[in-house]
Amino acid sequence: MTTMLKAPSSKEFMDKLKSRTPGEIEFHQAVHEVVESLLPFLEENPRYKTAKILERISEPERILIFRVPWVDDKGEIQVNRGYRIEMNSAIGPYKGGLRFHPTVNLGILKFLAFEQVFKNSLTTLPMGGGKGGSDFDPKQKSDNEVMRFCQSFMTELCKHIGPNTDVPAGDIGVGGREIGYLFGQYKRIRNEFTGVLTGKGAEWGGSVIRPEATGYGNVYFAEEMLNTKNDSLKGKIVTVSGSGNVAQFTVEKVNELGGKVVTLSDSSGFIHDPDGIDGEKLTFVMRLKNIKRGRIEEYAKKYNVAYYPNARPWGVKCDVALPSATQNEINAEEAQILIDSGCICVSEGANMPSTPEAVDIFIKNEILYGPGKAANAGGVAVSGLEMSQNAMRLSWTREEVDNQLQRIMKDVHTTCVKYGKSSNGYVNYVNGANIGGFVKVANAMIAQGIV
Ligand code: NDP
Ligand code: 2IT
């Protein structure tokens with residue numbers, strides 16, 4: 001016999017979650033947003049309450065925490081902490097990136113793993129959710145130091161992952177170089193050439209378009225949102241934050257669609273180039289960030305434009321904002337400035353870049369607002385396509401992968417509209433992404449029993 005349960009109020013649910021996970025503030029932030037979106041839906045669909053899906057989906061299936069000792073170039077022993085959060089495997093192997101950054105802690109990785117479950121579900125591909133990383137800081141480290149760190153990290157992680165179990169990829173501080181070192185060590189220890197990581201080099205099992213996918217996908221998503229208003233990126237002034245993987249390919253695609261990107265940033269400050277960051281300037285940024293590993297300030301010196309130290313780009317007048325650096329990089333004050341200066345669309349390349357107060361301002365003003373778990377799903381989607389190609393031991397062309405990426409971003413958008421349309425016609429993409437991402441995972445969890 002099943003009993004009808006009253007869903008806990010958002011406050012009751014969050015109080016309990018917080019007492020079980022003290023100090024994990026980013027995780028609380030991410031779960032709270034989802035709970036707020038879902039409670040009305042759960043009232044209408046009581047089977048999810050009876051099955052305690054909210055309680056189960058917010059508890060990781062497994063968390064691994066491990067020591068990562070390595071030796072620096074001076075011969076001194078260093079110790080970092082490694083993590084892998086295996087959040088949910090209801091619809092596929094755990095899937096999600098690795099972040100190497102000194103701020104990494106359990107709360108940040110749990111928020112990222114939690115978001116990943118919904119994001120991966122939205123892609124339409126069979127991937128569960130996970131995330132991992134380390135408090136290791138790759139900045140100022142030699143290639144050999146990064147390699148030794150990656151080898152030590154994988155020496156432990158390889159016991160817990162596999163192409164049908166858990167498939168990591170990149171995130172902040174983890175790009176092609178790091179994936180190479182991690183893959184080499186996995187192969188050496190396990191004696192297997194498999195699709196255990198995505199974001200590999202195109203010549204050794206990687207998919208074309210994977211480096212581009214998150215930035216391209218976010219721009220496709222922004223274009224879809226604008227199309228609902230019979231508008232497009234053509235002729236729009238666009239502000240972008242960050243200058244890493246996601247930001248770089250965001251600029252490339254905005255240029256292709258006829259928009260003009262006027263800002264980029266890093267953790268030291270931002271540059272404002274009113275003439276726009278064209279292809280040649282973007283090549284400079286890619287070399288600066290991916291090879292020289294320098295600071296964005298050098299762009300301002302090279303092209304004689306303004307540089308604002310210790311500041312973020314949201315005060316620059318724009319039509320469209322594409323945050324692509326990190327979590328909580330747009331606060332309420334900055335959101336209000338964006339609205340007041342005429343911004344009509346915010347689409348998130350980064351994960352959770354807007355604070356809850358900023359999100360409220362975007363939604364209250366009914367602008368087009370695409371939350372990260374929908375808007376940046378293109379990266380993990382092409383990771384999913386990399387897994388498919390690896391499983392078949394063949395590789396698709398750029399055109400094939402890009403077509404699939406565009407189709408997937410359209411599908412993510414359609415799902416958000418389906419579940420997020422309010423009675424006045426405004427599409428609340430937050431509700432749409434949260435409910436749309438939830439349903440498939442929740443149904444799978446119910447079908448698989450109490451596990
Ligand atoms: P990169 O490491 O390539 O670049 C990160 C960029 O953000 C750098 O410019 C970095 O500046 C800046 N940044 C990082 N941390 C901070 C901080 N605390 N304050 C200010 N600036 C910061 O990472 P990605 O481009 O891959 O990731 C960017 C965002 O996109 C992240 O939120 C990530 O989770 C998200 N994302 C990434 C995907 C991917 O496929 N790579 C997929 C989906 C989402 P600096 O160099 O000074 O550190
Ligand atoms: O946040 C993300 O979606 C990523 N960092 C990409 C994850 C992946 O497995 O490609």
Side-chain angles (χ1 to χ4, degrees), residues 26 92-104 108-109 111-120 122-123 125 127-133 137-140 166-179 195 197-200 206-207 209-218 221 240-251 264-271 285-286 288-290 293-297 299 310-313 322-330 348-354 371-387:
E26 291 85 1
Y94 309 107
K95 180 82 196 87
L98 297 171
R99 178 176 290 192
F100 292 170
H101 195 273
T103 57
V104 159
I108 288 179
L109 294 181
F111 118 63
L112 289 162
F114 182 75
E115 294 275 292
Q116 200 81 47
V117 173
F118 296 80
K119 184 195 302 190
N120 293 3
L122 285 168
T123 65
L125 302 175
M127 298 180 289
K131 200 86 189 188
D137 185 358
K139 282 202 192 77
Q140 322 289 321
D166 184 354
V167 183
D171 193 77
I172 291 176
V174 178
R177 173 182 64 170
E178 290 74 18
I179 294 293
L197 293 163
T198 59
K200 300 183 293 298
S207 176
I209 306 274
R210 176 61 190 90
E212 295 88 337
T214 311
Y216 279 17
N218 186 32
F221 194 85
V240 173
S241 63
S243 48
N245 170 266
V246 178
Q248 292 168 15
F249 290 104
T250 297
V251 175
L264 281 174
S265 71
D266 60 22
S267 52
S268 309
F270 79 91
I271 58 105
V285 173
M286 287 179 169
L288 173 69
K289 285 289 166 183
N290 309 345
R293 300 186 189 270
R295 311 306 300 157
I296 201 68
E297 182 178 8
Y299 179 105
N310 305 315
R312 302 192 284 226
L322 305 175
S324 308
T326 192
Q327 66 274 357
N328 293 327
E329 55 163 324
I330 304 181
E348 297 182 338
N351 285 307
M352 207 168 76
S354 308
K373 64 169 79 72
N376 71 38
V380 75
V382 175
S383 278
L385 301 178
E386 184 169 327
M387 289 166 71

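Order of appearance sets the numbers: ligands from 1, and atoms from 1 within every ligand.
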With a cut-off of 4.0 Å, which atoms of ligand 2 are near a heavy atom of G96? 7 (C), 9 (O)
Which residue and heavy atom of the protein sit nearest atom 29 (C) of ligand 1, plus the separation: A325 O, 3.2 Å
For atom 47 (O) of ligand 1, what's the nearest protein heavy atom and its distance? S267 OG, 2.4 Å
Any N or O of D266 that comes nearer than 3.5 Å to an N or O of ligand 1? no
If you scan protein heavy atoms around atom 10 (O) of ligand 2, the nearest is S383 OG, 2.6 Å
Do N245 and ligand 1 have an N or O pair less than 3.5 Å apart? yes
With only distance considered, is R295 within less than 3.5 Å of ligand 1 through an N or O on each side? yes
What I want to know is whether V246 and ligand 1 share at least one N or O pair that is separated by under 3.5 angstrom. yes
Can you pull out the closest protein heavy atom to atom 4 (C) of ligand 2? Residue, atom name and distance to 0.1 Å, please. K131 NZ, 3.7 Å
Checking a contact table here: which protein heavy atom is nearest atom 9 (O) of ligand 2, and how many Å away? K95 NZ, 2.7 Å
A student comparing N351, T326, N290 should find that the heavy atom closest to atom 17 (C) of ligand 1 comes from T326
When only distance counts, is S268 in polar contact with ligand 1, meaning an N/O pair under 3.5 Å? no
Using distance alone, determine whether D171 and ligand 1 share an N or O pair under 3.5 Å. yes
With atom 44 (C) of ligand 1 as the reference point, say which of G349, A350, G269 has the nearest heavy atom. G349
Among all the protein's non-hydrogen atoms, which is closest to atom 38 (C) of ligand 1, and how far away is it? T214 OG1, 3.6 Å
Distance filter under 4.0 Å to A169 heavy atoms, resulting ligand 2 atoms: 8 (C), 9 (O), 10 (O)
Within the protein, is there a heavy atom lying under 4.0 Å from atom 10 (C) of ligand 1? no
Could you list the atoms of ligand 1 found under 4.0 angstrom from a heavy atom of H101? 15 (N)
If you measure from each heavy atom of Q327 to ligand 1, is any distance below 4.0 Å? no
Can you spot which of Q327, K119, K373 makes a side-chain hydrogen bond (donor to acceptor under 3.5 Å, both in side chains) with N351? K119
Which residue supplies the protein heavy atom nearest to atom 2 (C) of ligand 2, what is that atom called, and how far is it? K119 NZ, 3.2 Å
How far is atom 7 (C) of ligand 2 from its nearest protein heavy atom, and which residue and atom is that? G97 N, 3.5 Å
K200/E386 ion pair, N-O < 4.0 Å: yes
Nitrogen or oxygen of K131 less than 3.5 angstrom from that of ligand 1: no
N/O of G170 under 3.5 Å from N/O of ligand 2, yes or no? yes
Is the shortest distance from a heavy atom of R210 to ligand 2 less than 4.0 Å? yes
Is there any N or O on V174 that sits under 3.5 Å from an N or O of ligand 1? no
